[in-house]
Each structure stands twice: as C-alpha cells, then as structure tokens.
Amino acid sequence: QVQLVESGGGLVQPGGSLRLSCAASGLTLDFYNIGWFRQAPGKEREGVSCIFSTDDSTYYEDSVKGRFTISRDNSKATAYLQMNSLKPEDTAVYYCAAEALYLGSSWSDPSKYDYWGQGTQVTVSS
C-alpha cells in the first residue's frame with residue numbers, strides 16, 4: 001500500500017533552518033505531484049508548497065516564498081522541503097501529500113490529494 005513518511009522536524013530557534021523529508025513507498029514518485037502542508041493548533045491545514053510531476057514546476061504560499069524550497073529525488077522516492085529563516089509563525093505540524101492528477105491552481109487545496117503522511121512537528125522558538 002501507499003505510504004508517505006515525513007521526517008526532519010524538530011525544535012529550532014528563529015532564523016534557523018530545517019530540512020523535511022517525505023519518503024514514499026507503494027507508488028512511483030515520478031508520476032505524482034507532491035505537496036507540503038502545515039497545520040497549527042486551532043487553524044486549518046494550509047498548503048505551503050508543491051512540486052508538479054510533469055515538469056518539476058514549483059509553487060509556494062506567499063509567506064514562505066524566498067525562505068522555503070521544495071525539491072524531489074525520484075531515484076530515492078523522496079521529496080524535500082528546505083526551510084530557512086524560520087519564524088515562530090512557521091510552527092506547525094507539517095505533512096506531505098501526493099496526488100497523480102493535474103492540480104493546477106488547486107495545488108494548495110488539501111481535498112485534492114489522495115495520499116498523506118502522518119506529519120512531523122516543527123517548532124520555532126527561542
């Protein structure tokens with residue numbers, strides 16, 4: 001069965017960096033769009049970034065543009081989210097998700113994704 005496993009979360013000071021990984025099994029990552037989402041306590045899950053399967057085009061939520069970078073290594077069946085210049089407001093549980101169908105402008109809609117990981121906690125605090 002399909003499984004997505006996130007790792008790399010933790011506690012970091014403001015201004016620090018983390019790299020999240022999303023290891024996929026049970027699917028061929030090449031054919032899937034990968035999204036990263038986050039959910040803070042009391043808030044809805046929001047799309048952070050996405051990388052498309054067709055051409056590796058990338059998209060970012062406005063608040064993370066210039067700080068976060070999404071990438072993928074299909075040979076390792078793993079996607080990544082490099083997070084730099086972290087802020088306290090980035091604190092959340094981060095999830096990766098996979099979807100084979102074309103997403104277009106709906107990349108940030110959680111309901112469009114078929115497969116989800118269990119999440120990894122990111123806490124930005126001094």
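No hydrogens, no waters, no symmetry mates; every other heavy atom, side chains included, goes into these values. On a predicted model such as this, the values are computed, not experimentally measured, just so you know.
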*Say you draw a straight line from OG of Ser49 to CH2 of Trp36; how long is it, rounded to the nearest 0.5 Å?*
10.0 Å

*Spell out, yes or no, whether Val64 and Val12 are grouped together once hydrophobic residues are joined by side-chain heavy atoms under 4.5 Å, including indirect joins.*
yes

Name every donor-acceptor pair, under 3.5 Å, that has one atom in a side chain of residues 97-107 and the other anywhere in the protein, sequence neighbours excluded.
{"from": "Glu99", "atom 1": "OE1", "to": "Asp114", "atom 2": "N", "distance (Å)": "3.1"}
{"from": "Glu99", "atom 1": "OE2", "to": "Leu101", "atom 2": "N", "distance (Å)": "2.9"}

_Please say yes or no: joined through hydrophobic side-chain contacts below 4.5 Å, possibly via intermediate residues, are Tyr32 and Tyr94 part of one cluster?_
yes

*After noting the C-alpha distance and the side-chain angles of Tyr95 and Gln118, does the key distance pass the side-chain contact (heavy atoms from CB on, under 4.5 Å) rule?*
CA-CA 7 Å; Tyr95 301 87; Gln118 83 291 346; over 6 Å; no

*Begin from the C-alpha positions of Ile70 and Tyr60 and carry the test side-chain contact (heavy atoms from CB on, under 4.5 Å) through to its verdict.*
CA-CA 9 Å; Ile70 191 171; Tyr60 298 93; 3.5 Å; yes

*Looking only at side chains, do Gln121 and Thr123 share a donor and an acceptor under 3.5 Å apart?*
yes

_Starting from Tyr113, can I reach Leu4 by hopping between I/L/V/M/F/W/Y residues whose side chains sit under 4.5 Å apart?_
no

*Could you tell me the separation between the SG atom of Cys22 and the OH atom of Tyr115, rounded to the nearest 0.5 Å?*
13.5 Å

*Between Arg38 and Glu46, is any pair of side-chain heavy atoms under 4.5 Å apart?*
yes

*Same cluster for Leu27 and Ile51 if Ile/Leu/Val/Met/Phe/Trp/Tyr side chains link at under 4.5 Å?*
yes

_Atom pair CG (Leu86) and OG (Ser125), whose distance is rounded to the nearest 0.5 Å_ = 12.0 Å

_Any heavy-atom pair between the side chains of Gln13 and Val124 that's under 4.5 Å?_
no

*Could you tell me which non-hydrogen atom of Lys43 sits nearest to which non-hydrogen atom of Gln39, and how far apart they are?*
O-NE2, 3.1 Å

_Closest non-hydrogen atom pair between Ser85 and Ser17, with its separation_ = N-OG, 4.3 Å

*asked:* Tell me the closest heavy-atom pair linking Ser126 and Pro14, and the distance in Å.
replied: N-CD, 3.7 Å

*So among Val122, Leu11, Asn84, which one has a side chain to side chain contact (heavy atoms under 4.5 Å, CB included) with Leu18?*
Val122

*Would you please say whether a donor-acceptor pair under 3.5 Å links the side chains of Arg19 and Tyr80?*
no

_Residues Asp62, Lys65: salt bridge by 4.0 Å N-O rule_ = yes

*Would you say Glu44 has more than 12 foreign heavy atoms packed within less than 6.0 Å of its CD?*
no

*Would you say Phe37 and Phe68 are hydrophobically clustered, going by side-chain heavy atoms of ILVMFWY under 4.5 Å?*
no

_Name of the residue among Asp56, Asn33, Thr78, Asp30 meeting side chain to side chain contact (heavy atoms under 4.5 Å, CB included) with Arg72_ = Asp56

_Given 3.5 Å as the limit, does a donor-acceptor pair link the side chain of Glu6 with the main chain of Gly119, or not?_
yes

*Evaluate the side-chain contact (heavy atoms from CB on, under 4.5 Å) criterion for residues Phe52 and Cys50: first the C-alpha distance (whole Å), next the side-chain angles of each, then the deciding distance (0.1 Å), finally the verdict.*
CA-CA 6 Å; Phe52 282 10; Cys50 180; 3.4 Å; yes

*Would you indicate whether the side-chain heavy atoms of Val93 and Thr120 approach each other to under 4.5 Å?*
no

_For Ser25, give me all partners under side chain to side chain contact (heavy atoms under 4.5 Å, CB included), at least two apart in sequence or on another chain._
Gln3

